[in-house]
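Positions are given from 1 along the sequence. Atoms within a ligand are numbered from 1 in the order they appear, just like the ligands themselves.
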Amino acid sequence: MMNTFISNSPSDTRKLAAAAAKFLRGGEIIFLRGPIGAGKTVFVKALAKEMGLKGSPVSASFSIMKAYKSKTKKLFHVDLFRLEEREMFNLGFEEMLADENAVIAAEWPAPLENLINSPRLEMDFVLQGGDKREIIFKARGERAELLLKNLTEALNA
Ligand SMILES: Nc1ncnc2c1ncn2[C@@H]1O[C@H](COP(=O)(O)OP(=O)(O)OP(=O)(O)O)[C@@H](O)[C@H]1O
Ligand SMILES: [Mg+2]
């Protein structure tokens, strides 16, 4: 399943994140692709806020991973820009993946693609000039399909 949304501003992108946040239960993986400045981080930060999570600084790997938490939920925001596959091993991905309360949102996910073939929601940000972005969602796996179906219905309602 695939679906395209148009964002005309950062606030549109945040609204999209707000809609998506309602359907995240923990255990989901989101890959965010697209060029520098496309709005991937804008989306993930809004996602954390809308899920009611607070950022907690994460020691040395801070620039690669940031954890957002509440008592019951977690969001791991990872940015793998220019990271080599072999550098992935010390990041604790197994733990993150095994955590059923955790949502993982990965920018520049290429190094992860060969390591995990878990079900996931993929987002492709395409620059359309000015502040306009085309955001293409693709669902891989049953659970991601359901998430995208719910999101599409919520946005069309
Ligand atoms: N429609 C839009 N959606 C999201 N951000 C937008 C939009 N239009 C303009 N912007 C601006 O574009 C920038 C997006 O920055 P952001 O850090 O989210 O990009 P990114 O995709 O995470 O880039 P990087 O690959 O460097 O991490 C912000 O300055 C934001 O205000
Ligand atoms: Mg970013």
Contacting atoms of ligand 1, where contact means under 4.0 angstrom from a heavy atom of Val42: 5 (N), 18 (O)
Ile135 side, atom CD1; Thr4 side, atom OG1 - distance, nearest 0.5 Å: 10.0 Å
Closest protein heavy atom (residue, atom, distance) for atom 26 (O) of ligand 1: Ile36 CG2, 3.6 Å
Candidate with minimal heavy-atom separation from atom 6 (C) of ligand 1, of Pro10, Ser7, Gly39: Pro10
Close side-chain approach of Leu47 to Tyr68, heavy-atom, < 4.5 Å: no
Glu107 contact mode with ligand 1 (heavy-atom cut-off under 4.0 Å): side chain
Any Gly34 heavy atom less than 4.0 Å to ligand 1: no
Atoms of ligand 1 close to Ala38 [distance to a heavy atom under 4.0 angstrom, numbered from 1]: 19 (O), 20 (P), 21 (O)
Minimum-distance atom from the Mg ion (ligand 2) among N, O or S atoms of Glu107: OE1
Salt bridge Lys149-Glu153, side-chain N to carboxylate O under 4.0 Å: yes
Aromatic Phe43 / basic Lys45 pairing, under 6.0 angstrom, 45° off normal: no
Trp108 touching ligand 1 at heavy-atom level, < 4.0 angstrom: yes
Atom indices of ligand 1, in the order listed, that fall short of 4.0 Å to a heavy atom of Pro35: 21 (O)
Atoms in ligand 1 with a heavy atom of Lys40 nearer than 4.0 Å: 18 (O), 19 (O), 20 (P), 21 (O), 22 (O), 23 (O), 24 (P), 25 (O)
Closest heavy-atom pair and its distance - Gly52, Ser70: O-CB, 3.9 Å
Residue and atom name of the nearest protein heavy atom (relative to atom 13 (C) of ligand 1), distance in Å to one decimal: Gly37 O, 3.7 Å
Contacting atoms of ligand 1, where contact means under 4.0 angstrom from a heavy atom of Thr13: 1 (N), 2 (C), 3 (N), 4 (C)
Heavy-atom check, side chain of Leu151 versus side chain of Lys22, under 4.5 Å: no
Beyond-backbone contact of Ile64 with Leu83, side-chain heavy atoms, under 4.5 angstrom: yes
Any non-hydrogen protein atom less than 4.0 Å away from atom 29 (O) of ligand 1: no
Per-atom contacts, ligand 1 versus Asp131 - under 4.0 Å to a heavy atom: 1 (N), 2 (C), 7 (C), 8 (N), 9 (C)
Ligand 1 to Asn8 polar contact by distance, N or O atoms, under 3.5 Å: no
SB check Glu28 Arg143 (cutoff 4.0 Å): yes
Polar side chain donor-acceptor pair, Ser9 to Asp131, under 3.5 angstrom: no
